[in-house]
Amino acid sequence: MKKRKIEIMDTTLRDGEQTSGVSFSAAEKLTIAQLLLEELHIDRIEIASARVSEGEFQGVKGIMAWANEKNYTHRIEVLTFVDGGLSIDWMLNAGAKVQNLLTKGSLNHLVHQLKKTPEQHFEEIAQTINLARQEGIETNVYLEDWSNGMRNSPEYVFEFLDFLTQQNVKRILLPDTLGVLIPSETATFIAQIIQKYPNTHFDFHAHNDYDLSVANVLEAVKEGIHGLHVTVNGMGERAGNAPLESTVAVINDFLPEIEIGVKESSLYSVSKLVETFTGYRIPANKPIVGDNVFTQTAGIHADGDNKNNLYFNDLLPERFGRQRKYALGKTSGKANIEKNLQELGLQLNPEDLKLVTQRIIELGDKKETVTKEDLPYIISDVLDSHSYQERIVVESYILSHAKGLRPSTTLSLKINGEIIEEHAQGDGQFDAFMNALAKIYKSKNWTLPTLIDYAVRIPPGSSSDALCETIITWVNNGKEFKTRGLDSDQTVAAIIATQKMLNVISEERCKGSVKQRIKIFSLLL
Ligand SMILES: CC(C)C(=O)C(=O)O
């Protein structure tokens, strides 16, 4: 079957820049233009509005200089206005070759904004198109508010199209300016137009006010539209435009008779770059490019993926340069954890896997995000805690920190079932904690090891703020050993490490086995 080719026109650098708060520098525009054309193989791009600013002019000039060398000038478009030729002059000075002329596609806009008759408007448009032609500039025409025009003044729209199809116009661009179309209406309007003007190229420009942009695009393609306007990450005026990423996926997966040349595997990296340049964050649940969209969270899904990929759909992450992930949290079961362990090249016996699963569920219950990078830390922490008997338990404590007062701690410690409480001050909260502990130990005629090093780190590569690891090095009877604590709070992690130390030395008192502890830690670190 011969496929029907649809042109993709990306307007991230024009309509996308109309996202509130977004402004690209000239260098950013050039980088994005290069990626869109050369990496993603987008057919055409719209890069600016004429006469907006000096910065915009320099941006267009830079892109056109590059495009000239590459022979891409006819793939690069600029939004222009019916302004007696001022936009044309601006384009000529910037070296631009294709104008997308903004005209009025509804009687309502024409009468209330321009306060002109259709005849006056058409006359001025004809002059602008002719002038452009004389200057070697190609013209496409936007019918602004076209969708409302089709609803409320269809005679005007068709009179206008009759006129335009007689002019030197390469493409007619049909915007749903206010994002008000529903799919059935899009289908009806596009079908009427394509049937009436079978020899004219029409583009559809969707907006996303009702979250229907991609559904509308799908209908427009089914009815024979020749080109589509999109933006990276769906950026654009108000709720934005049809997102490039979803548009590509929908066409590729649901319209096999259509050919678009966009390279799917580069969509994610370009989307991320645009996110960085704009500071406009991609929602985590945004199809194709959101952080979470290829992450299975429920244990039952991870389990199903092991059984004939029961929870896969056609949107395989690898298509878009991404990878499937298995979330770790309170709803993740053994299967999620095993998938993450596999990726890290780790294996646990069923009993240890159960302990680690329990610990991850506890962390998830505290609303903490656990990442794959946290996993080795959790494993070593959990297995470590279970490698000795807990004779000494930090039952409860208050840590106080107030301006103008010394930090203080009240500590309640359980030693072989007996509760002992003490209070102390210190230079910091953990110092106060250690001073209270020293008082308890003194009352027992026991000595504490000397703390010789205190290090804090977060799991490397972890994007989560869930976990922080405190590693303390102690010297007891001339022997050095380390204990570690893991928590979202650094001081709490230090207290956990200290409790472990108390049990290590208590074991040593009972069995004299600090050597065994040193061995365990050298394995874990
Ligand atoms: C400026 C115009 C062309 C536009 O973006 C729209 O009508 O949606």
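Numbering of ligands and ligand atoms starts at 1, following listing order.
Taking the charged nitrogens against the carboxylate oxygens, D162 and K196 do have a contact shorter than 4.0 Å, which makes a salt bridge. At a threshold of 4.0 Å, the pair K104-E144 counts as salt-bridged, since one of the basic side-chain nitrogens sits closer than that to a carboxylate oxygen. A salt bridge between R171 and E77 is present, with a side-chain N of the basic residue lying under 4.0 Å from a carboxylate O of the acidic one. With respect to E39 and K263, a salt bridge is recorded, a charged nitrogen being found less than 4.0 Å from a carboxylate O. K2 and E259 are not joined by a salt bridge, as no carboxylate oxygen comes within less than 4.0 angstrom of a charged side-chain nitrogen.
Taking every non-hydrogen atom of E144 and a distance limit under 4.0 Å, the qualifying atoms of ligand 1 come out as 7 (O). Atoms of ligand 1 lying under 4.0 Å from at least one heavy atom of P175, given by number and element, are 6 (C), 7 (O), 8 (O).
Contacts of N100 with ligand 1, taken as heavy-atom pairs under 4.0 Å, are absent altogether.
The N/O atoms of Y142, backbone and side chain alike, include none that comes under 3.5 Å of an N/O atom in ligand 1. Considering backbone and side-chain N/O of D15, one or more are found under 3.5 Å from N/O of ligand 1.
Remark: minimum distance from atom 2 (C) of ligand 1 to any protein heavy atom is reached at L102 CD1, 3.7 Å. Of the protein's non-hydrogen atoms, the one nearest atom 7 (O) of ligand 1 is T177 OG1, 2.6 Å.
Nearest-heavy-atom check against atom 1 (C) of ligand 1 across R14, H109, Q18 picks out R14. Remark: among candidates H229, H207, E237, the nearest residue to atom 8 (O) of ligand 1 is H207, based on non-hydrogen atoms.
Remark: the backbone N or O of L13 is paired with a side-chain donor or acceptor of K29 at under 3.5 angstrom.
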Open item on the list: Please determine whether side-chain hydrogen bond (donor to acceptor under 3.5 Å, both in side chains) holds for the pair Q342 and Y326, giving the CA-CA distance in whole Å, both sets of side-chain angles, and the decisive distance to 0.1 Å.
Closed with: CA-CA 11 Å; Q342 267 163 25; Y326 293 89; over 6 Å; no
